[in-house]
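Input: a single structure, listed below in structure tokens.
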Amino acid sequence: MTDLMEAVTSLAKRRGFAFPSSEIYGGLRSSWDYGPLGVELRNNIRRAWWRSMVQLRDDVVGLEAAILMSPRVWEASGHVAGFSDPLVECLNCHQRFRQDQLPGPACPNCGQKEFTEPRQFNLMFKTHMGPVEEDAAAVYLRPETAQAMFVDFRTIQQASRMKVPFGIAQIGKAFRNEITPSNFVFRTREFELMEVEYFVEPGADEQWFEYWKEERLRWFLSLGVRPEKLRLRAHASDELAHYAKAAADIEYEFPFGWSELEGIANRTDFDLRRHQEASGEDLTYFDQEGDRRYLPFVVEPALGVDRAFLTFLLDAYRVGEAKSAKGEMEKRTVLALHRDLAPIKVAVLPLSRNEALVPEARRVHDVVKARWMSAYDDAGAIGRRYRRQDEVGTPFCVTVDFETLTDGQVTVRERDAMTQDRISIDRLAAYLQERLAA
Ligand code: GAP
């Protein structure tokens, strides 16, 4: 199964989805750069999430907050005191590990069994604001986007005139000084979060917790993730984050085992209460119908863009066979990505670089690229070009051939069924629209 991880990591690099950062200097462990196709896939993941969590809902509004916040935020939220993992060091080789992630009693690096006593290692990145490097100027890179939704709660509620229950959504970078970053982009020190803080009346939190678990699971299924690879797992009380009354993970069966894909937490009124106490500002909500004030409870679905990216790639990766132009069976690698996620929606392929075909194919490409992210490829044998598009998950390939010059039609080949339809260029945009529309 680790072969799948290797195959996907290698495809990701070869085709420009993602590769190690600063590679010419030997890389920076745990930092990854997203190349041309990676950017498109990430944009599509964000768009699909925003569409489902904000655009199609009447009860969620957006926020894009600063990464650097007042350090008082992280004191009040409990992150300065409690956002840490147990760190142990091997007494023989001095490698450091997260104690709760050691696979057994021996050091995974050298096999010796003696470690230091665990000490709590705070995961927040600390830096300094302004030209003085002293503790008074210390700030943190945010380890979650959620806190801005709490400290901006009142301002956003008043500006948007939302009534509880309602949510605030945010997509943005987060940073954690993870002890053991691992598994490609699964666990990194810089990553991107997509979070909703959903504010509800106290007492309604458990019901909303159930709702969000199902809703989030449904989202992955709607984007084609195989149901047998997904499951919900409730946190045991000793795993709960310092702010949570209950939590569940949507887990995916990664090649390295079942692991967290998304977390859903019932954060109660923990954060609003702490910020209200620490800031001295009134963060209660006035319920006009009930004529009373209260601090809302919060249910939070939180997903990493990078982890979703890895999941969609792994889940879509298929190797099969197809007949070549010469009638021989060849290996065919396909990314069966949902059409909303596919980085390139349509590729335009002239049968050859013939001087009559190329301008016609360019005209067809102009029609297509005005509406969708597309590719134009005239390099090499047509079969090879199909394979190249299959490998990156392009749902439609449009071939312009010599008959196109007389009948004004092109061949549209669909990635999964491999059906081929002959369509007039006039109808091409409508044909594709029908099949690509979200
Ligand atoms: N505000 C709640 C929160 O941040 P979390 O369970 O720590 O909860 C939410 O993180 C999600 O963020 C995870 O389910 C995962 O998708 C992603 N994530 C967390 N740590 C990550 C890391 N080091 N690298 C990549 N993604 C990460």
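Note that ligands are numbered from 1 as they come in the structure, with each ligand's atoms numbered from 1 the same way. In this text, all values refer to a predicted model and were calculated from it rather than measured experimentally.
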Going by heavy atoms, is Phe175 under 4.0 Å from ligand 1? no

for atom 9 (C) of ligand 1, nearest protein heavy atom and its distance come out as Ala302 O, 3.6 Å

If you have a sec, work out which protein heavy atom is nearest atom 2 (C) of ligand 1 and how many Å separate them, to one decimal? Glu300 OE1, 3.0 Å

Phe220 six-ring face occupied by Arg216 cation (under 6.0 Å, within 45°): yes

Would Leu4 and Leu314 count as a side chain to side chain contact (heavy atoms under 4.5 Å, CB included) if you check the C-alpha gap in whole Å, the side-chain angles of each, and the deciding distance to 0.1 Å? CA-CA 7 Å; Leu4 172 62; Leu314 289 167; 3.8 Å; yes

Close approach, Arg267 and ligand 1, non-hydrogen under 4.0 angstrom: yes

Does Trp32 use its side chain to pair, donor to acceptor, with the backbone of Phe184 at less than 3.5 Å? yes

Should the proximity of Phe309 to ligand 1, defined as any heavy atom under 4.0 Å, be assigned to the side chain, the backbone, both, or neither? neither

For ligand 1, find out whether one of its N or O atoms is nearer than 3.5 Å to an N or O atom of Glu144. yes

Could you check atom 18 (N) of ligand 1 against the protein and tell me its nearest heavy-atom contact, residue, atom and distance included? Phe191 CE1, 3.6 Å

Could you check whether Glu239 pairs with Arg233 (Lys NZ or Arg NE/NH1/NH2 to Asp/Glu carboxylate O, under 4.0 Å)? yes

Any idea which protein heavy atom is nearest atom 24 (N) of ligand 1, and the distance to it? Thr188 N, 3.0 Å

When rounded to the nearest 0.5 angstrom, what distance separates CG in Asp421 from CZ in Arg413? 12.5 Å

Nearest non-hydrogen protein atom to atom 7 (O) of ligand 1, with distance, is Arg176 NH1, 2.8 Å

Evaluate the ring planes of Phe150 and Phe199, with Trp represented by its six-membered ring, and classify them as parallel (under 30°), tilted (30 to 60°) or perpendicular (over 60°). perpendicular

Gly263: numbered ligand 1 atoms lying under 4.0 Å from its heavy atoms: 14 (O)

Quick one: does Gly304 get an N or O within less than 3.5 Å of an N or O on ligand 1? yes

Is there a donor-acceptor contact under 3.5 Å from the side chain of Gln170 to the main chain of Glu195? no

A cation-pi test, strictly: NZ or CZ of Arg435 under 6.0 Å from the centre of the six-membered ring of Tyr431 and no more than 45 degrees from its axis. Yes or no? yes

Please state which protein non-hydrogen atom is closest to atom 25 (C) of ligand 1 and give its distance, to 0.1 Å? Phe186 O, 3.1 Å

Going by distance only, is there an N or O of Glu195 that falls short of 3.5 Å from an N or O of ligand 1? yes

Distance in Å, Ser222 OG paired with Asp340 CG, rounded so as to fall on 0.5 Å steps: 8.0 Å

Are the side chain of Asn44 and the backbone of Arg42 linked by a donor-acceptor contact shorter than 3.5 Å? no

Under 3.5 Å, N or O to N or O, is Glu197 touching ligand 1 that way? no

Quick one: is the NZ or CZ of Arg231 closer than 6.0 Å to the six-membered ring centre of Trp258, and within 45° of its axis? yes

N/O of Leu261 under 3.5 Å from N/O of ligand 1, yes or no? yes

Identity and separation of the nearest protein heavy atom to atom 12 (O) of ligand 1: Leu193 CD2, 3.2 Å

Quick one: look up the protein heavy atom nearest atom 6 (O) of ligand 1 and list residue, atom name and how far away it is. Glu260 OE2, 2.9 Å

Check each atom of ligand 1 against the heavy atoms of Glu262 and keep those under 4.0 Å away; list them by number with element. 14 (O)

